[in-house]
Amino acid sequence: MTESPSPADPPKTALNAIVAQRIEESPGLAVVRVVPDGWTLPEFKPGQFAVLGLPGAARRCIVSDLEEDDVPAPDKLIKRAYSIASSSVAREYLEFYIVLVPSGELTPRLFALEPGERVWLSPKISGVFTLNEVPPDKHVVFIGTGTGLAPYMSMLRTHLVCGSGPRFGVLHGARHSWDLGYRGELMTLQRLCNNFTYIPTISRASEEAAPWGGASGYIQDLWRSDPLRSRWGFRPSPQDTHMFLCGNPSMIEDMVEMLAEDGFREHKPRQPGEVHVERYW
Ligand SMILES: Cc1cc2nc3c(=O)[nH]c(=O)nc-3n(C[C@H](O)[C@H](O)[C@H](O)COP(=O)(O)OP(=O)(O)OC[C@H]3O[C@@H](n4cnc5c(N)ncnc54)[C@H](O)[C@@H]3O)c2cc1C
């Protein structure tokens with residue numbers, strides 16, 4: 001028999017968290033910090049995701065598309081998964097890195113929230129896209145497009161130890177330089193840690209406001225150019241390196257194929273491999 005909630009229990013869909021801060025990285029791209037209201041965040045592993053939710057009645061930001069068909073019911077809680085970008089050792093808030101999908105159901109509502117407003121945050125944190133299956137002596141390459149950088153920020157903020165030992169590399173792809181979130185933090189880490197490499201690439205260099213001196217093209221093009229050999233002195237191989245892929249599913253598909261040519265296998269529960277994958281849609 002299921003117990004009926006006592007009148008004092010809030011409903012499971014109550015907006016149980018508060019937006020503490022929203023940092024606009026560029027139009028339609030934000031770092032959002034959420035604090036649970038009156039409850040403690042559970043422990044989690046860097047790379048895992050939480051779920052955010054808002055009711056259909058929540059207002060949409062003005063730059064989103066009008067919702068004409070399939071308008072969600074006002075009391076329906078719209079929920080979506082978001083990788084946690086903050087460290088698992090500092091659990092004052094959860095940080096998320098979110099892009100606005102103008103035609104989407106949830107993100108236009110999330111982007112209308114001001115600091116102090118309420119949101120639903122799943123009390124449970126899930127996911128297997130973590131460093132758990134990576135032997136401690138292996139190097140790690142994090143490859144991501146857009147907000148696919150989020151889980152890597154949590155892993156680096158928690159696990160990166162500067163100095164000798166395994167190397168960490170981040171290859172991040174975005175359309176423009178202003179869409180390369182966390183660039184300042186990653187450039188600083190690279191300056192401080194000789195075992196950390198950060199290589200961004202942009203796919204629309206011709207639209208830059210000022211000349212762009214970095215890599216241009218897609219992540220797949222960057223990988224073909226063997227960018228880590230000049231920094232690490234060797235090309236990563238399945239014997240020494242684990243690869244992480246996160247974000248756009250077609251980037252992931254291409255990269256899995258390209259990495260297979262070098263002998264990397266996708267990690268699956270019953271078939272251990274060196275390529276770990278998180279698809280956002
Ligand atoms: C495990 C997991 C972790 C995720 N973590 C993040 C995260 O850290 N940050 C984040 O912004 N999103 C993340 N997502 C995607 C997120 O759950 C939503 O799908 C996204 O915010 C769109 O929601 P929506 O209701 O506005 O759009 P919907 O109405 O659900 O429309 C979905 C469509 O939006 C597009 N889309 C979805 N996600 C993205 C994206 N990140 N970039 C560009 N286009 C997208 C796709 O075309 C998709 O078909 C994650 C998804 C999964 C499964």
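Every number for a ligand or one of its atoms is a count from 1 in the order of the listing.
Ring pair Phe142/Tyr152 is parallel by interplanar angle, where below 30° counts as parallel and above 60° as perpendicular. Note on ring orientation: taking the six-membered ring where Trp is involved, the planes of Trp232 and Phe234 are tilted (angle from 30° to 60°).
Annotation: side chain to side chain donor-acceptor pair (under 3.5 Å) contacts of His172 (sequence neighbours excluded): none. Under the disulfide bond (SG atoms under 2.5 Å apart) criterion, Cys162 pairs with Cys193, sequence neighbours left out.
Residue pairs satisfying the salt bridge (charged side-chain N to carboxylate O under 4.0 Å, His left out) criterion with at least one member in residues 143-171, sequence neighbours excluded, are listed as follows: Glu95-Arg157, Arg157-Glu185.
Of the possible donor and acceptor atoms, none in the side chain of Gln271 sits under 3.5 Å from a partner among the backbone N and O of Lys268.
Protein residues having at least one heavy atom under 4.0 Å from any atom of ligand 1 are Phe49, Arg80, Ala81, Tyr82, Ser83, Tyr97, Ile98, Val99, Val101, Gly104, Glu105, Leu106, Thr107, Pro108, Thr147, Ala150, Glu278, Arg279, Tyr280, Trp281, listed by chain and number.
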